[in-house]
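Whatever order the structure lists them in is the order used to number ligands and atoms, beginning at 1. Computed from a predicted structure; not experimentally measured.
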Amino acid sequence: MARNCVASINLNAITNNYLYAKSLAPESKAIAVIKGNAYGHGAVKVASHLEPLADCFGVACIEEALELKSAGISRTPILLLEGVFEKSELALVDKYELWMVVSNNLQIEWILESSPINKYNIFVKIDTGMGRLGFKEDESPKIINDLENCDHINKITLMTHFSSADNHDSAFTEVQIDKFNNIVGNKQNDQSLANSAAIMAWNNSHSAYTRPGIMLYGSSPFPLNEPLNNLTPAMTLETSLISLKKFKAGDKIGYGRRYVCKQDTLIGVAAIGYADGYPRSAKDGTPVFINGGIARLAGRVSMDMITVDLTGIKNPKIGDRLELFGSNVSIDEVANYCDTISYEIFTQITSRVYKTYVS
Ligand SMILES: *Cc1c(COP(=O)(O)O)cnc(C)c1O
């Protein structure tokens with residue numbers, strides 16, 4: 001491989017993070033959320049590696065589930081987190097015994113009209129304040145009741161999703177838990193509430209099934225500068241330096257001449273850009289790791305290249321490896337410099353970046 005822009009993915013880190021999620025909620029089964037191509041980490045690779053220990057996999061849609069099925073994932077159940085988008089999918093749900101979320105009346109109609117060979121295993125989603133998918137609180141009891149009387153259904157798990165679990169100071173997670181408990185009353189159904197943030201911060205949301213996503217990949221769901229946690233970054237994004245030049249104080253670097261050299265400055269060019277998924281929104285100062293030290297982005301991200309201020313870096317030369325994020329530069333810090341979250345950066349790494357797996 002000539003252009004050496006590589007994402008190396010440590011599958012054991014994902015295993016460790018999954019086991020950590022399980023240890024935080026020891027009574028719960030954990031649905032490993034691998035939608036969005038496992039947050040850009042490669043859903044088939046991640047699922048194949050986790051399959052011996054995962055309780056369930058969570059994906060966004062049937063296409064993602066079928067990809068896992070055709071790759072031979074057969075022992076671990078797969079949950080469609082948004083359920084089906086059209087009636088014809090129910091035949092595949094039946095065939096592959098997929099689990100599905102049910103969150104609107106049309107999905108219920110389709111279920112009633114269908115004639116499955118295997119009874120469905122469904123998660124009924126209740127909107128307790130997220131304001132997105134799910135039945136409203138006042139209609140939920142009747143819907144749950146109706147579904148309980150449907151012959152095509154084997155098991156009903158009740159679920160909700162938090163809007164603010166990543167904010168320790170927000171009382172709203174408790175509000176959502178209370179609303180959920182009010183609706184669910186003393187029903188014996190299994191429940192599923194917690195995403196990564198709630199697994200880590202809201203013990204009283206732990207129930208039959210947790211749904212860890214971002215934490216599996218070693219990124220924190222919480223704002224930067226909160227106490228360190230036991231997560232291990234799974235992805236390291238690296239490339240190499242392809243040019244080095246000295247500039248004078250006052251010289252300007254890159255498109256729009258955004259970066260101004262304050263002094264005589266050694267600027268390096270690295271082979272990664274927004275066509276690889278490195279965000280164009282990255283500000284000057286975004287950290288990169290090279291030769292044991294931190295250098296800073298200097299100037300706008302181009303399609304195929306970035307420019308970095310190498311002040312203070314030991315003996316840089318063309319060909320040196322440079323880490324954009326991984327164990328030396330946290331994805332969460334990079335995301336902060338880009339006014340986004342790690343989720344978005346992970347899922348926007350493009351196919352031009354060569355992926356390697358270590359385990
Ligand atoms: C994506 C998703 C999750 C995982 O969320 P994280 O913040 O990545 O842990 C959990 N539940 C549902 C319904 C989701 O769509």
Side-chain angles (χ1 to χ4, degrees), residues 14 17-22 24-25 28-41 43 46-47 50 54-65 77-85 98-104 107 122-135 157-168 170 172-173 176-177 180 190-203 205-223 226 229-231 233-235 331-332 335 340-348:
I14 299 177
N17 295 329
Y18 182 77
L19 292 174
Y20 177 56
K22 294 270 289 188
L24 292 176
S28 309
K29 294 192 166 164
I31 300 170
V33 178
I34 56 170
K35 65 191 179 191
N37 199 25
Y39 294 45
H41 291 66
V46 170
L50 278 185
D55 300 314
C56 178
F57 293 122
V59 299
C61 54
I62 199 133
E63 289 80 3
E64 293 184 345
I78 301 172
L79 171 65
L80 304 175
L81 290 165
E82 289 162 46
V84 294
F85 296 75
L98 304 176
W99 299 1
M100 63 180 155
V101 168
V102 172
S103 64
N104 69 47
Q107 289 172 331
I122 68 168
F123 282 52
V124 177
K125 191 163 190 179
I126 302 167
D127 183 358
T128 54
M130 176 72 182
R132 203 178 56 179
L133 287 185
F135 298 102
T157 301
L158 302 174
M159 75 178 285
T160 195
H161 193 58
F162 295 126
S163 65
S164 314
D166 57 339
N167 182 349
H168 296 287
S170 166
F172 196 64
T173 302
Q176 288 192 267
I177 293 171
F180 187 75
D190 277 351
Q191 302 175 359
S192 177
L193 294 86
N195 58 2
S196 298
I199 291 168
M200 295 171 78
W202 303 92
N203 284 346
S205 73
H206 299 170
S207 52
Y209 294 97
T210 60
R211 305 190 304 270
I214 195 68
M215 69 184 296
L216 299 179
Y217 311 102
S219 160
S220 167
F222 302 106
E226 290 202 4
N229 50 55
N230 295 316
L231 300 173
M235 186 190 289
I331 176 87
D332 299 313
T340 185
I341 51 176
S342 61
Y343 302 63
E344 190 181 32
I345 298 181
F346 280 145
T347 53
Q348 291 190 354

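Residue S196 has at least one heavy-atom neighbour below 4.0 Å for each of these atoms of ligand 1: 6 (P), 9 (O). Heavy-atom contacts of I214 reach the following atoms of ligand 1: 6 (P), 8 (O), 9 (O) (cutoff under 4.0 Å). Counting atoms of ligand 1 from 1 in the listed order, those under 4.0 Å from a heavy atom of G213 are 4 (C), 6 (P), 8 (O), 9 (O). Less than 4.0 angstrom separates some heavy atom of Y39 from each of these atoms of ligand 1: 1 (C), 4 (C), 5 (O), 6 (P), 8 (O).
Contacts between H161 and ligand 1, counted as non-hydrogen atom pairs separated by less than 4.0 Å, involve the side chain only. Within the 4.0 Å heavy-atom criterion, neither part of M215 lies near ligand 1.
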Full working for side chain to side chain contact (heavy atoms under 4.5 Å, CB included) between M100 and E82: CA-CA 7 Å; M100 63 180 155; E82 289 162 46; over 6 Å; no
Side chain to side chain contact (heavy atoms under 4.5 Å, CB included) assessment of M215 paired with Y20: CA-CA 9 Å; M215 69 184 296; Y20 177 56; 3.8 Å; yes
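Geometrically, ligand 1 and Y343 share a nitrogen or oxygen pair separated by less than 3.5 Å. For K125, no nitrogen or oxygen atom sits less than 3.5 Å from a nitrogen or oxygen atom of ligand 1, counting backbone and side chain alike.
Between W99 and Y209, the ring planes are perpendicular. Angles over 60° get that label, and only those under 30° would be called parallel.
Listed here is the closest heavy atom pair of A194 and F162: CA-CE1, 4.2 Å.
Counting only N and O atoms by type, the side chains of T128 and Q176 include a donor and acceptor under 3.5 Å apart. In the model, S220 has no side-chain atom that pairs as donor or acceptor with a side-chain atom of D332 under 3.5 Å.
The protein heavy-atom contact nearest to atom 1 (C) of ligand 1 is K35 NZ, 1.5 Å. Looking only at heavy atoms of the protein, atom 11 (N) of ligand 1 is closest to R211 NE, 2.8 Å.
Proximity of the aromatic rings of F346 and Y39 is defined here by a centroid distance below 6.0 angstrom, and this criterion is not met.
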